[in-house]
Amino acid sequence: MVSDRLPQSFYLGEDVVFLAKALLGNVLVTEFNGQRSAGRIVETEAYRGPDDRACHAFNNRRTPRTEVMFGPGGHAYVYLCYGIHHLFNIVTGPEDAAHAVLIRGVEPLDNLALMLERRHLTKPAPPLTAGPGALAQALGIRTIHSGLPLFAPESPIWLEDRGLTPSPESIVAGTRVGVEPAGACALRPWRFSIKGSPWVSRAKGAPTP
DNA sequence: AAGAGGATGAACT
DNA sequence: GTTCATCCTCTTG
């Protein structure tokens with residue numbers, strides 16, 4: 001079966017919280033220099049530009065870095081955190097909405113060997129792809145990929161629906177990680193994961209079931 | 001022109 | 001549980 005790339009229309013919905021849930025179970029694929037690797041999305045977080053203090057585009061603040069979030073949905077927003085980690089987000093919503101979904105955890109599917117090599121690890125355990133910085137490194141995603149259209153046929157990064165979408169009752173909602181200073185916004189249950197998956201991040205402050 | 005700090009992860013005690 | 005690596009971006013002078 002040939003899996004097609006998710007079309008741009010998938011990303012254009014106004015409700016970024018809904019889309020963060022809808023992204024669970026879809027497969028994130030990268031192919032650089034003919035080398036493909038992929039993982040199933042098991043953890044996401046929604047960031048809503050205009051009214052979310054935790055979002056880089058809060059209050060519709062435009063900077064060169066956040067400009068891509070103000071474009072139409074379906075583009076990559078990759079940001080360097082702590083000078084080390086490349087965090088992969090998917091821009092959602094219509095133009096000027098400034099919403100994005102952070103991918104926080106994936107279950108490795110294709111080309112484990114390449115992912116292990118990129119992470120300098122030897123066995124497929126959660127440290128490989130559980131956590132936003134970890135999965136970006138495993139899939140070879142870096143800040144230079146920010147702005148890529150995920151729906152375009154020639155893009156080296158895209159999403160596929162391989163029929164692995166979780167049932168609604170197996171989706172867990174929680175508070176987001178690392179957004180303490182955002183005050184009341186930190187209480188919003190905008191972090192979503194697939195219940196029981198070992199590939200969900202164990203970040204500080206995250207619920208541990 | 002300069003400095004603080006960040007949507008983290010790994011290696012420590 | 002704590003510490004710290006490490007660099008880009010944004011704010012301030």
Side-chain angles (χ1 to χ4, degrees), chain A residues 16-17 19-21 23-24 28 39 41-71 73 75-93 97-108 115-147 157 172-193 197-208:
Chain A
V16 64
V17 176
L19 278 170
K21 282 182 278 195
L23 282 164
L24 291 172
L28 175 60
I41 297 172
V42 299
E43 183 181 4
T44 60
E45 275 178 9
Y47 287 85
R48 194 166 68 188
D51 68 343
D52 181 0
R53 293 194 68 87
C55 183
H56 291 158
F58 169 61
N59 208 15
N60 287 319
R61 177 164 199 75
R62 280 178 192 251
T63 69
R65 181 181 63 164
T66 62
E67 190 60 33
V68 62
M69 277 204 274
F70 290 88
H75 295 261
Y77 169 53
V78 187
Y79 141 77
L80 182 65
C81 189
Y82 297 106
I84 308 170
H85 309 290
H86 300 260
L87 273 50
F88 175 74
N89 302 253
I90 298 171
V91 177
T92 71
H99 301 157
V101 176
L102 170 68
I103 308 302
R104 291 195 52 92
V106 305
E107 170 186 344
M115 297 170 82
L116 288 166
E117 179 187 324
R118 287 184 178 132
R119 293 277 294 137
H120 308 111
L121 295 172
T122 54
K123 47 180 189 184
L128 179 61
T129 55
L135 74 88
Q137 185 182 18
L139 292 170
I141 297 171
R142 288 174 289 135
T143 54
I144 55 169
H145 302 124
S146 198
I157 305 176
V172 183
T175 54
R176 293 174 296 178
V177 177
V179 297
E180 181 81 32
C185 296
L187 300 176
R188 291 171 169 176
W190 286 357
R191 172 173 178 261
F192 303 100
S193 59
S197 172
W199 305 97
V200 172
S201 73
R202 302 288 192 83
K204 207 173 168 181
T208 47

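Convention: sequence-line order gives letters A, B, ...; per-chain numbering from 1.
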Value in whole Å for how far the [atom2] atom of [N] lies from [atom1] of [X]:
X: A:Tyr47; N: B:dA7; atom1: OH; atom2: P; answer: 7 Å
X: A:Gln137; N: B:dA10; atom1: CD; atom2: C1'; answer: 11 Å
X: A:Arg142; N: C:dC8; atom1: CZ; atom2: C1'; answer: 16 Å
X: A:Leu128; N: B:dG9; atom1: CG; atom2: C1'; answer: 14 Å
X: A:Leu121; N: B:dG9; atom1: CG; atom2: P; answer: 13 Å

Notebook entry, point to check: So, A:Arg118 and A:Gln137: side-chain donor and acceptor under 3.5 Å apart, yes or no?
Noted result: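 Absent: no donor and acceptor within the cut-off.
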If you take all heavy atoms of [X] and [Y], which pair is closest and at what distance?
X: A:Ala20; Y: A:Phe192; answer: CB-CD1, 3.8 Å
X: A:Glu43; Y: A:Ser201; answer: OE1-N, 2.6 Å
X: A:Ala57; Y: A:Ala98; answer: CB-CB, 3.9 Å
X: A:Tyr79; Y: A:Thr143; answer: C-CG2, 4.0 Å
X: A:His86; Y: A:Ile141; answer: CB-O, 3.7 Å
X: A:Pro124; Y: A:Leu116; answer: N-CD2, 4.0 Å

Margin query: Which residue is it: A:Val16, A:Leu102, A:Val17? I am looking for the one with a side-chain contact (heavy atoms from CB on, under 4.5 Å) to A:Trp190.
Written below: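 Looking at A:Val16, A:Leu102, A:Val17, the match for A:Trp190 under the side-chain contact (heavy atoms from CB on, under 4.5 Å) is A:Val17.
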Next item on the list: Start with the C-alpha distance between A:Leu139 and A:His145, add both sets of side-chain angles, then the distance that settles side chain to side chain contact (heavy atoms under 4.5 Å, CB included), and finish with yes or no.
Entry: CA-CA 12 Å; A:Leu139 292 170; A:His145 302 124; over 6 Å; no
Check: More than 12 non-hydrogen atoms from neighbouring residues, nucleotides or ligands closer than 6.0 Å to CZ on A:Arg62, yes or no?
Finding: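 Result for CZ/A:Arg62: enclosed.
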Notebook entry, point to check: Please, what dot-bracket string fits DNA chain B when only Watson-Crick and G-U pairs with both distances under 3.5 Å count, crossing ones use [ ] and pairs to another strand use |?
Noted result: ||||||.|||||.
Notebook entry, point to check: Within less than 4.0 Å of OP1 or OP2 of B:dT8, is there a side-chain N or O belonging to A:Arg176?
Noted result: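 No, A:Arg176 has no side-chain N/O under 4.0 Å of OP1/OP2 on B:dT8.
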Check nucleotides 9-11 of chain C against the protein and report each pair of N or O atoms closer than 3.5 Å, with its distance, or say if there are none.
| unit_1 | atom_1 | unit_2 | atom_2 | d |
| --- | --- | --- | --- | --- |
| C:dC10 | OP1 | A:Thr63 | OG1 | 2.0 |
| C:dT11 | OP1 | A:Arg61 | NE | 2.8 |
| C:dT11 | OP1 | A:Arg61 | NH2 | 2.8 |
| C:dT11 | OP2 | A:Arg61 | NH2 | 2.8 |

Notebook entry, point to check: When the ring planes of A:Tyr82 and A:His85 are compared, do they come out parallel, tilted or perpendicular, using 30° and 60° as the limits?
Noted result: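 Rings of A:Tyr82 and A:His85: perpendicular, as their planes differ by over 60°.
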Check: Contacts to DNA chain C from residues 75-89 of chain A, heavy-atom cutoff under 4.0 Å, which residues?
Finding: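 Listed by number, they are A:Leu80, A:Tyr82, A:Gly83, A:Ile84.
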